[in-house]
Amino acid sequence: MTAGLWEHWVLPGIWITVQLTLYSAALATAVAFGVGMARTHRSRLVRFFAAFYTEVFRGTSALVLMFWIFFVLPQLAGWALVPMWAAVLALGLSYGAYGAEVVRGALNAVAPAQREAGVALSFTPWQRMRLILLPQAVPEMIPSFCNLLVELLKGTALVSLLGIGDVSFAAYLVRLATTESAQIYSITLIIYFVLAFLLTRGMKVLERRAKAGIGQFPEPLSTGGWLRFRRSDAKSPELSSTGVTGGGASR
Amino acid sequence: MSADTPLSKERPNPAVDGSELIRFDRVVKRFGANTVLDELDFSVASGKHVTLIGPSGSGKTTILRLLMTLIKPDEGTIKVGGAYLTHEEKNGRLVPAGEKHVREVRKNIGMVFQQFNLFPNMKVLRNITEAPVTVLGLPKDEAEQRARDLLDLVGLGDKCDAYPTQLSGGQQQRVAIARALAMRPQVLLLDEVTSALDPELVAGVLDVLRDIAHTTDITMLCVTHEMNFARDISDQVLMFDAGRVIESGPPEKIFSDPEHERTREFLSAVL
Ligand SMILES: Nc1ncnc2c1ncn2[C@@H]1O[C@H](COP(=O)(O)OP(=O)(O)OP(=O)(O)O)[C@@H](O)[C@H]1O
Ligand SMILES: [Mg+2]
């Protein structure tokens, strides 16, 4: 592959894929928490609307949604989104619906006795959510969020159909220009793999820190010894009754 | 007790004069077809330590959960400190209480659970300070001072920075007691607080409770199978069966010379 193609298409393409992933993930996270918490709300009406959202956006394909936002919405609304934001909106809304299920599941998995202890101390429902339920539920969400994030990364390839110059689109152009499809698609595979790998490692670190924040100290990361992340706050717990102490491999 | 012990009240306890603090008035509670409490009437005078005994399934836990507003009665009223717990008076009529009213009345009540139910996401100190700060609006340093004093009281002054998962069951339960007391409730509800503990840890927790019972004017309503403990701390013992109080009296009387046949059977089974 010639250097020009690499510089002009593939590198910017990687950057665009990364941006798309991060922006969509940010939107999806906001949607997931909003809708997921609404699904555990006391009010039946709130729960209904949240369930409705989840069903609708889980049931529509992200691709069709993206086309709809890009091509149909402008006709209805009288204004158009640039392709990048149309894509972020479509991906964020539909992955947010999956995320909402993760949030709901994790909130429901917190022991009911925790809510009762919160009631007994006269916390308001929102204080219970903020101080007791969410802090315990979030660490449980992270593994599922990690899967969704990788799905989202791969899902961003859809945007090439709107002509956005992400990695997939770059690969397509390079193939047209050089007709070396084997080479460029192999490279693209590796790019996605590396990006996904970085995301999962990052999420693992987040998970460990989140678990440490609720007094759980899991086994050290096994990174095969060649890629290590240091826990920045390597406070090892004294007197852990289970005898499991964290961070062994990172020191 | 002196003004600066951890348990002193800043608001005067209208209490200690022996006036009525808790009143159940014809309370009915059903779970489906199962009527657990059947027009239950009973009252607890403030400052008293009352123990509920009775066979399994007789509704002891249900009474405490009603008081803690974890469940609602189907009929009847409950009053705490003169205010309705489940109802509000509006224009002279009793209507079901709103969430806010319930929260106000509930602030007078603290509960310690069988399974401790500490918040695993908070260290010991914050387990105790969070509610006084967030709910009562206590300044943080004052809440921390109060928490440290209470931890000293329950013998865990050195565990402020531990997570609950790093404590033994007995230690967790003592933290839970401190957490409930930090709200300075008028009433403390204790539901079999030692029955989830290994036998060797029970005594420590009971000692703490004895200490609290003997040195404070807090009203205690406790369910326990520890009859010696009940005898030590109770002013009054209520024997429940089938959702009704079938016998009540001072512990000496109930434990040594019960009147009711059911009480006798129950005591011979547990003593
Ligand atoms: N949430 C519930 N749903 C249905 N039935 C319930 C519920 N809670 C309690 N019950 C029933 O109510 C009755 C009284 O229960 P409760 O827990 O008050 O008894 P208890 O006196 O505390 O017994 P124990 O000594 O075993 O703790 C039991 O028959 C129980 O099955
Ligand atoms: Mg019980």
Side-chain angles (χ1 to χ4, degrees), chain A residues 41-44 46 106-107 109-142 206-219 233-247, chain B residues 61 64-65 67-71 99-100 102-124 126-137 158-159 161-169 171-172 176 179-183 185 187-189 191 196:
Chain A
H41 199 271
R42 278 167 304 155
S43 149
R44 182 179 296 199
V46 173
L107 285 175
V110 176
Q114 289 289 312
R115 190 195 75 86
E116 294 182 352
V119 171
L121 292 167
S122 290
F123 288 116
T124 64
W126 173 241
Q127 286 166 347
R128 295 198 295 265
M129 179 62 81
R130 184 168 56 85
L131 299 168
I132 302 168
L133 299 180
L134 277 179
Q136 292 178 46
V138 166
E140 302 306 317
M141 298 174 195
I142 293 178
L206 258 181
E207 185 186 347
R208 289 170 57 76
R209 300 188 56 158
K211 290 232 160 111
I214 58 168
Q216 294 178 14
F217 301 94
E219 289 295 326
D233 57 341
K235 298 175 275 193
S236 74
E238 320 92 330
L239 64 107
S240 164
S241 56
T242 55
V244 181
T245 52
Chain B
T61 295
L64 299 193
R65 289 172 64 81
L67 269 169
M68 201 64 261
T69 68
L70 298 172
I71 51 177
E99 162 84 23
K100 226 177 149 188
V102 174
R103 225 169 19 242
E104 270 321 301
V105 184
R106 185 162 60 201
K107 281 182 192 166
N108 296 317
I109 309 171
M111 184 160 184
V112 181
F113 298 86
Q114 192 173 347
Q115 301 289 346
F116 339 128
N117 300 353
L118 293 181
F119 305 128
N121 56 311
M122 302 179 191
K123 290 183 178 172
V124 163
R126 201 167 145 233
N127 257 284
I128 303 173
T129 59
E130 190 61 60
V133 171
T134 315
V135 175
L136 303 180
D158 55 338
K159 294 288 191 248
D161 286 325
Y163 279 103
T165 47
Q166 297 168 333
L167 301 181
S168 75
Q171 291 172 329
Q172 289 189 52
R179 180 175 73 172
L181 291 175
M183 296 293 280
V187 191
L188 189 62
L189 309 177
D191 190 5

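Sequence lines set the chain letters: A, B, ... in the order given, protein chains first and strands last, and positions in each chain run from 1. In this text, all values refer to a predicted model and were calculated from it rather than measured experimentally.
Contact check for A/L131 versus B/M122: side-chain heavy atoms found under the 4.5 Å cut-off. Side-chain contact between A/Q114 and B/P120 is present, with at least one heavy-atom pair separated by less than 4.5 Å. Looking at A/V119 and B/L70, their side chains come closer than 4.5 Å, going by heavy atoms from C-beta outward.
By a heavy-atom distance cut of under 4.5 Å, A/I132, A/P135, A/Q136 are the residues of residues 132-140 of chain A near chain B, going up by number.
Applying the salt bridge (charged side-chain N to carboxylate O under 4.0 Å, His left out) rule to B/R103 yields the partners B/E99; only residues at least two apart in sequence or on another chain are considered.
Only the backbone of B/L118 comes within contact range of chain A, judged by heavy atoms closer than 4.5 Å. B/F119 touches chain A through backbone and side chain together, each having a heavy atom under 4.5 Å away. In this structure, chain A has heavy atoms under 4.5 Å from both the backbone and the side chain of B/R179.
Taking CD of A/E116 as the start and OG1 of B/T69 as the end, the distance is 10.0 Å to the nearest 0.5 Å. Between the OG atom in A/S122 and the CG atom in B/L136 there is a gap of 8.0 Å [rounded to 0.5 Å].
Exactly one of B/K107, B/E130, B/M183 qualifies for a side chain to side chain contact (heavy atoms under 4.5 Å, CB included) with A/L121. That residue is B/M183.
When each of B/R106, B/M111, B/M68 is checked for heavy-atom pairs under 4.5 Å with chain A, B/R106 comes out on top.
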